[in-house]
Number of protein chains: 2
Amino acid sequence: MRKPTLEEVAIEAGVSKMTASRALRGVADVSSETRDRVIEAATRMNYVGNRLALSLSSQRTNLVAVVVPSMSNIVFPEVLAGISAGLDGSGMQAVFGISDYDMAKEREIIRDMLSWQPCAIIVTGLDQPEETVELLRHANIPVIQLMDLDGTPIDFNVGLSHGAAGENMAEALIAAGRRRFGYVGSALARDLRARKRKAGFERVLHAHGLGFAGQRTDDVFSSIALGKQLTTSLLAAVPDLDCIYYSNDDMASGGLFACMELGVAVPDKMLIAGFNGLDLVNSLPAPIATSRSPRRAIGEAAAQLVRQAVGIGREPMRKTIVFKPTIVGIDG
Amino acid sequence: MRKPTLEEVAIEAGVSKMTASRALRGVADVSSETRDRVIEAATRMNYVGNRLALSLSSQRTNLVAVVVPSMSNIVFPEVLAGISAGLDGSGMQAVFGISDYDMAKEREIIRDMLSWQPCAIIVTGLDQPEETVELLRHANIPVIQLMDLDGTPIDFNVGLSHGAAGENMAEALIAAGRRRFGYVGSALARDLRARKRKAGFERVLHAHGLGFAGQRTDDVFSSIALGKQLTTSLLAAVPDLDCIYYSNDDMASGGLFACMELGVAVPDKMLIAGFNGLDLVNSLPAPIATSRSPRRAIGEAAAQLVRQAVGIGREPMRKTIVFKPTIVGIDG
DNA sequence: GTGAAAGCGCTAACAC
DNA sequence: GTGTTAGCGCTTTCAC
């Protein structure tokens, strides 16, 4: 039992394919009587339109391709939720791919998605290899690069400067009187934005004649458990730190739990600083510092850019949307 | 500057469309010399195949539609990551939609996705309204229902029994000597699986002549902050509880933080029990009980089912894959 | 090993 | 207000 086609619906309703098409889409003039008959027939036959044919024929799709590096912490799911919500009501549909922070895999996913002829593509970061950039350029659709502003965008760019985020955090911590800094991170080889934050942080430390008195990193991806473990190890080796900067809030929360277990007073003796501003951080048993990144808003802004870019207007658009993270959790 | 078509590549390589198609797909016999010439031309012209045309023509797609209710905690992103990973190498591509726990929205998303002619569809839960079930039935593709086993599946079913999870947790807590129970939950009107866990939990309480001595729920979605707030409120009203069951681990973690703030000893005076077995729970400063649900494994199992179901074999397949959560975090 | 013809299910453009 | 013709870019089928 094959699925009914538009033609079968049309025959059932006693009209031509074209009239049925117009009635179902609600375009142009179709007598309300005819329209009702077509819609009735379609409903009765459980007709579901074939978007492959629709898009091939009309030479446009409602697909927005989105590639994110990971789904293993809440950050990118929130971005996706923002994109999905921002696209609601536009008739457009997001299609997601996960690259696992793997540049080669990202390229293959992008190639695959482009073959579906999306009307726009959203990718994470500004540091795609040249071959991937070429692929994106030749697609002739709006390309939106998310999250990071430190680099040269292909087309549109929505996010924040991770270098500046690291710098600002270092300045705030120094202003709060901290001097003996440690660093705890993960997967820095793959997570370029974490690396940019660390680099920014160190630039400011060096400008003040300071540096990291100790650090711990690992190649696996960030988690609370890893943050706890690396912090315990770091404090065993360098006990006299008064502040630790983490690659993100997951790691920082683990750091807090390590300090609690070791009896290190947070924030009095040790200030813990992360990045993201996760919901988690607001409820933790001791305050930790973090830069609040508007993840959902970044997703929504990207969706708005897509809507404008594929819209009829084509009026001049802002090419870059800058978000500035707010630092929270530092007293004095 | 339009994108090159297969025909243009074929002309460039001096062969027919058909030969170019075969060369690019690596099917049938094409002389290696011809093949190289075609591939060279395609690469030089930045040719990206048009899957709309491919799928329309061949009457099959590589799309697997997936609908999840939410992206606002880590649970469903992990399921999606499992599906995505499980599909890797199959040539199939997952397409995600978010229903926001809204049945009407879910139906529209499913309708929309079906119009892309996916080769299989994965949805969350067993409690779709009749109209949605009809839609899925008429699609004539494998339908996989995820997460929940308490109900009648349309086709394939992968997950765990939430009723049993609630029952088992209640039994374990009673066996551990707890008697004065409280409940803290959120969005129970929408989150049917949380409701099933609560119902199972209460069945066992009643069988033991017990019940909830107090409860707090709210309509907003679960979060650590909400768990903390509701727990504080519950303990103000009913201070003599010795155990609180939460709708999930996010809420339970908030409950732990509330207890810490109030100076209530966990787990000695108060046992905190959640659901999911999040990574977070293992690192918390005090042990809380939880049922560990294999979210990623459920996603991977669903992907395996899809691979088999759309595979050529069509040998008899298991229709249901049962996972059993393990309870952790209860001593004695 | 390669090519020509037909057609997938729909819409655009134009006619009536 | 409705129908006709042509064609989107590819694969299938069959011929050579």
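Just the heavy atoms: all of them, side chains too, but no hydrogens, waters or symmetry mates, feed the values below. Note on naming: letters A, B, ... go to the chains in the order of the sequence lines (proteins, then strands), and numbering restarts at 1 for each one.
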Using five base pairs at each end to define the local axes, how bent is the helix from C/dG1-D/dC16 to C/dC16-D/dG1, to the nearest 10°? 30°
Identify the two heavy atoms, one from B/M103 and one from B/D127, that lie closest to each other, and give their separation to 0.1 Å. CE-O, 3.3 Å
Specify the separation, in whole Å, of atom CG of B/L24 and atom C1' of D/dC10. 12 Å
Classify the side chain of B/T34 versus the base of C/dG1 as yes if they form a donor-acceptor pair under 3.5 Å and no if they do not. no
Would B/E12 and B/R44 pass as an ion pair if we require N to O under 4.0 Å? yes
Could you check how far CH2 of B/W116 sits from P of C/dG9, rounded to whole Å? 16 Å
Using a 4.0 Å heavy-atom cut-off across all strands, classify A/D29 as base, sugar-phosphate, or nothing. base
Over how many whole Å does the gap from B/K17 atom NZ to C/dA5 atom C1' extend? 10 Å
A/S16, nearest nucleotide to its side chain (from C/dC8, D/dT12, D/dG3): D/dG3
Where do A/N157 and A/Q145 come nearest, in terms of heavy atoms and distance? ND2-O, 3.0 Å
Give a yes or no on this: more than 12 heavy atoms of other residues, nucleotides or ligands lie within 6.0 Å of atom CD of B/E131. no
Round to the nearest Å and state the distance from B/N50 atom CG to D/dG7 atom P. 18 Å
Contact under 4.0 Å: A/Y47 side-chain N or O vs C/dG9 OP1/OP2: no
Which is true for A/L54 with a 4.0 Å heavy-atom rule: it touches a base, it touches only sugar-phosphate, or it touches nothing? sugar-phosphate
Salt-bridged, A/R137 to A/D155, with N to O below 4.0 Å? no
Closest to the side chain of A/L6, out of C/dA13, D/dG1, C/dT11, is C/dT11
Rounded to the nearest angstrom, tell me the gap between atom CZ in A/R60 and atom P in C/dC10. 15 Å
Under 4.0 Å between a side-chain N/O of B/S57 and OP1 or OP2 of D/dT12, yes or no? no
Is A/S31 near enough to D/dT2 that one of its side-chain N or O atoms lies under 4.0 angstrom from OP1 or OP2? yes
Charged N-O contact under 4.0 Å between B/D150 and B/R193: no
Salt-bridge present (A/K105, B/D88; N to O < 4.0 Å): yes
Of the listed nucleotides D/dT11, C/dC10, D/dT2, the one nearest the side chain of A/V30: D/dT2
Under 3.5 Å, is there an N or O donor on one side and an acceptor on the other linking the side chain of B/R35 and the base of C/dG1? no
Got a donor-acceptor pair under 3.5 Å from the side chain of B/R51 to the base of D/dG9? no
From CD of A/Q59 over to C1' of C/dT11, roughly how many Å is that when rounded to an integer? 10 Å
When the distance from CZ of B/R22 to C1' of D/dT11 is rounded to whole Å, what number comes out? 10 Å
Can you figure out which of C/dG9, D/dT4, C/dC10 approaches the side chain of A/M18 most closely? D/dT4
Interatomic distance, A/I321 atom CD1 to A/L160 atom CG [nearest 0.5 angstrom]: 13.0 Å
Is a donor-acceptor pair below 3.5 Å formed from side chain A/T19 to base D/dG1, judging by atom type as modelled? no
The side chain of A/R25 is closest to which nucleotide in this list: D/dC8, C/dA12, C/dG1? C/dA12
Separation of C/dC8 P from A/K3 NZ (nearest whole Å): 16 Å
